[in-house]
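What follows is a set of notes on a single structure, which appears directly below.
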Protein chains: 2
Amino acid sequence: MVQPAAPESTAERFDVRRREILLSASRAYRERGFHATGMREIAQAAGMTAGNLYHYFAGKEALLAFCQEESARRLNELAAWVEEQPLRADARLHALIVGHVLVLNEGLPGSLAHLEVESLEGEGRRRVVALRDRYEEALRGILGDGMDAGVLRRADLKLTALAILGAINWTVKWFRPGGKSSAREVGEHFAEQLVRGLLAPEMELARPAGEVPIFGATARREHGATHTDPSRTR
Amino acid sequence: MVQPAAPESTAERFDVRRREILLSASRAYRERGFHATGMREIAQAAGMTAGNLYHYFAGKEALLAFCQEESARRLNELAAWVEEQPLRADARLHALIVGHVLVLNEGLPGSLAHLEVESLEGEGRRRVVALRDRYEEALRGILGDGMDAGVLRRADLKLTALAILGAINWTVKWFRPGGKSSAREVGEHFAEQLVRGLLAPEMELARPAGEVPIFGATARREHGATHTDPSRTR
DNA sequence: TACCTTGTTGAACCGTGGTTCAACCCGCCG
DNA sequence: CGGCGGGTTGAACCACGGTTCAACAAGGTA
């Protein structure tokens, strides 16, 4: 196994540390909810003290915003990937659903439900909401295209999307790794069920051919040496 | 309009008061979440002081358990009602979905998502979980019957139910009275979408004929003079 | 070696929120 | 009228959790 390169610069080490904290926080939030999770607890899970967390994040809320933003970015990457696939609308939707379930339950361990913003305020909230809205717009785009093409039955776009998102997001409440079904199996099942619910009469179901990649898997991206993350702004 | 009879006994007044608190608490929890809602806030909404709340409930958790229990009871009443209807499985499922959406978003204003128990412990949690499991069993019963009868496509019962419940429960996050769609419209749309997703091939969709009643509407039941509610146990 | 930067700690601060409880009020009854 | 029960209040208690910060350590550089 190839070892990841050792962090070289201060900024890199900073980012690596933040990601470690992100993982610990996400897991804890997932397990116990944002409010029931304390900074001391997250710090312990990340192998540091609570005071140290403030070197990396301005506060608890900033940490939450960071976690949510990360999730939202991955969902948007997923949506972009789906957009590039040469698929019919129902197959696209299928892929998106599978991919979304994977992001929440496998890609970023401990992802929060999509995308609870009740505990966020100000700039952090705006950013997360903007990313979330972009993703939902992509979803509605797929739905709309499918309806226009006669593949999907005509129905209220917003409500249709909300039903789909609800089913997927609720997986956060009950899905546990190592359970009866893997995240991918859940994703496939959900996609099957939800896409069928939208098919136009006499239309045969089309599924994506290949496997949907997991956005958010470890060893993700190379960050530039950026130390200007506004969530750290004081 | 006929005025409800004035409460006569101590027990009745006690219960009436508890229901008032229930409404205030549910709304607040719905709006801001359990953790972000304080006892002082609930008390104010109910027209009393925080200290007074403890005359009616042992504590914050007991109040939450009471709210959740009330929701669960209504869902079980809905399920029982659906069971009595002379309907085919898909129509039953349709009715259940509509009814569930109504319970959450209209019957008991401010109902919490179904049925968050993370914040509950001990006896209170057990009771809520038991009621919840009973409802989910009823749902899976309808699904199973439909599959056995060849009305619904064969699929994993548990995952199928979870997708449905997810979609419905998530309405709590976004549904607001006075919005574009009424709770009933949302319920009908969701039922249409979710039931279609399960129909067996070549099977025509069957819908319930009448209107699904709202379990949880005001002027509900006459309570016996019971003062033994364990959620008040000290 | 001295200084600066980065990173970490542990103790302390302090606001918040759940909870308690003595005191008070009101109505009813003997 | 006095006593009792039910209901309510407001002040106080106290634990908890977010946050701060002085002190310290380590590494690098002039």
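Residue numbers begin at 1 in each chain, while the letters A, B, ... track the order of the sequences.
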Legend entry - Audit row: A:H100, A:Y135, ring pair (Phe, Tyr, Trp, His ring centres under 6.0 Å) steps and yes/no: CA-CA 10 Å; A:H100 191 153; A:Y135 176 72; 5.1 Å; yes
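Ion pair A:E70/A:R74 flagged as a salt bridge, since at least one NZ, NE, NH1 or NH2 atom sits closer than 4.0 Å to an Asp/Glu carboxylate oxygen. Salt bridge annotation for A:E123-A:R126: present, with a cationic side-chain nitrogen under 4.0 angstrom from a carboxylate oxygen. Remark: B:E77 does not engage B:R73 in a salt bridge, criterion side-chain N to carboxylate O under 4.0 Å.
Between B:N52 and D:dT9 there is a side-chain N or O to OP1 or OP2 distance below 4.0 Å. Remark: B:Y56 is not in phosphate contact with D:dG7, judged by side-chain N or O atoms under 4.0 Å from OP1 or OP2. Contact annotation: B:R17 does not reach the phosphate of D:dG6 (side-chain N/O to OP1 or OP2, under 4.0 Å).
Between the CG atom in B:D156 and the CD atom in A:Q193 there is a gap of 10.0 Å [rounded to 0.5 Å].
The side chain of A:T49 has C:dG10 as its nearest neighbour among C:dG10, D:dT9, C:dT6. The listed nucleotides are D:dT8, D:dG6, C:dG7; the one nearest the side chain of A:R13 is C:dG7.
Summary of helix geometry: the two end axes of the helix from C:dT1-D:dA30 to C:dG30-D:dC1, each defined by five base pairs via their C1' atoms, are inclined to each other by 30° (rounded to 10°).
Per the geometry, CG belonging to B:L53 stands 10 Å off P belonging to D:dT9, to the nearest Å. Protein atom NE2 of A:H55 is 13 Å distant from nucleotide atom P of C:dT5, rounded to whole Å. Counting to the nearest Å, the C1' atom of C:dG18 and the CD atom of B:E41 are 14 Å from each other. Between the CD atom of A:E12 and the P atom of C:dG7 there is a distance of 12 Å, rounded to whole Å. One interatomic measurement links the two molecules: CE of B:M48 to P of D:dG6, which rounds to 17 Å at whole-angstrom precision.
In summary, the side chains of A:N105 and A:R30 do present a donor paired with an acceptor at a separation below 3.5 Å, with no hydrogens or angles considered.
Taking the ring axis of A:Y54 as reference, the NZ or CZ atom of A:K60 does not stay both within 45° of it and closer than 6.0 Å to the ring centre.
Using a 30° and 60° split on the angle between ring planes, B:F14 and B:H55 fall in the perpendicular class, above 60°.
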Legend entry - Per-nucleotide protein contact string for nucleotides 12-19 of chain D, where B marks a base within reach and S marks sugar-phosphate only (heavy atoms under 4.0 Å, - for neither): B----BBB
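By the salt bridge (charged side-chain N to carboxylate O under 4.0 Å, His left out) test, B:R184 is found to be paired with B:E211, residues two or more places apart in sequence or in another chain being considered.
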